[in-house]
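What follows is a short report on a single structure.
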Amino acid sequence: MVVTSGAVSRPGAVSRPDPVSRPGHQPDGRVRALRPGGSGARRGVRLTRRGRLVLLAFLLLLATLVVAVAAPASRAADPAGPRPTAVVRPGDTLWSVTERHRPGRDPFGVIEEIRRLNGLPDYTLQPGQRLLLPDPR
């Protein structure tokens, strides 16, 4: 009798490897499925050429839908036709531009609307600067 690693074997008997050392076998006797390649290691998702084409078509469809949904919303926010503008003269302030182009309206509200439309961080103007003006309602 030959003793190896705690297992007893008989002469002439076919030796089987320890179940734990065989790929896919676990110590409690369960067998887990092996992936192709036999190692059982996890691999990333691999797409075939057809899968890549399907994925590309899906992404293009999704992008088209996003643009189609967003376009009417942006058109609704912008009124038809060009916005009125004003060119800043030397010495102009937002108050003077408001009084010149939108007399009779609340100057504080018009000034804030001009700042919002033009993305002005403060109240400073430069001569020659072109300002978008709010609608003359």
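Numbering starts at 1 and runs along the sequence shown. The analysis underlying the following values was restricted to heavy atoms, covering all of them including side chains, and did not include hydrogens, waters or symmetry mates.
Both Phe58 and Val45 belong to a single network of hydrophobic side chains, linked directly or stepwise wherever heavy atoms of I, L, V, M, F, W or Y lie under 4.5 Å apart.
Remark: side-chain polar atoms of Arg102 are paired, donor with acceptor, to backbone N or O of Pro134 under 3.5 angstrom.
The minimum heavy-atom distance linking Ser96 with Asp92 is given by the pair OG-OD1, 3.2 Å. Considering all non-hydrogen atoms of both residues, Val88 and Leu125 come closest at CG1-CB, 3.9 Å. Heavy-atom minimum distance, Pro107 versus Thr98: CA-CG2, 3.8 Å.
Applying the side-chain hydrogen bond (donor to acceptor under 3.5 Å, both in side chains) test to residues at least two apart or on different chains, the pairs with a partner in residues 107-118 are Glu112-Arg115, Glu112-Tyr123, Glu113-Arg116, Arg115-Tyr123. For residues 86-110, every residue pair satisfying the ring pair (Phe, Tyr, Trp, His ring centres under 6.0 Å) rule, not counting sequence neighbours, is listed here: Trp95-Phe108. Listed by first and then second residue, the side-chain hydrogen bond (donor to acceptor under 3.5 Å, both in side chains) pairs involving residues 47-68 amount to none (not counting sequence neighbours).
Here the side chains of Leu133 and Thr85 are not in contact, with every heavy-atom distance at 4.5 Å or above. Looking only at side-chain heavy atoms (C-beta outward), Leu131 and Leu120 come within less than 4.5 Å of each other.
Other residues sharing a hydrophobic cluster with Leu132 under the 4.5 Å side-chain heavy-atom criterion for ILVMFWY residues are Leu117.
Looking at residues two or more places apart in sequence or on another chain, you find a side-chain contact (heavy atoms from CB on, under 4.5 Å) between Thr124 and Asp122, Gln126. Partners of Gln129 by side chain to side chain donor-acceptor pair (under 3.5 Å), not counting sequence neighbours: none found.
A 6.0 Å sphere centred on CZ of Arg89 holds no more than 12 heavy atoms belonging to other residues, nucleotides or ligands.
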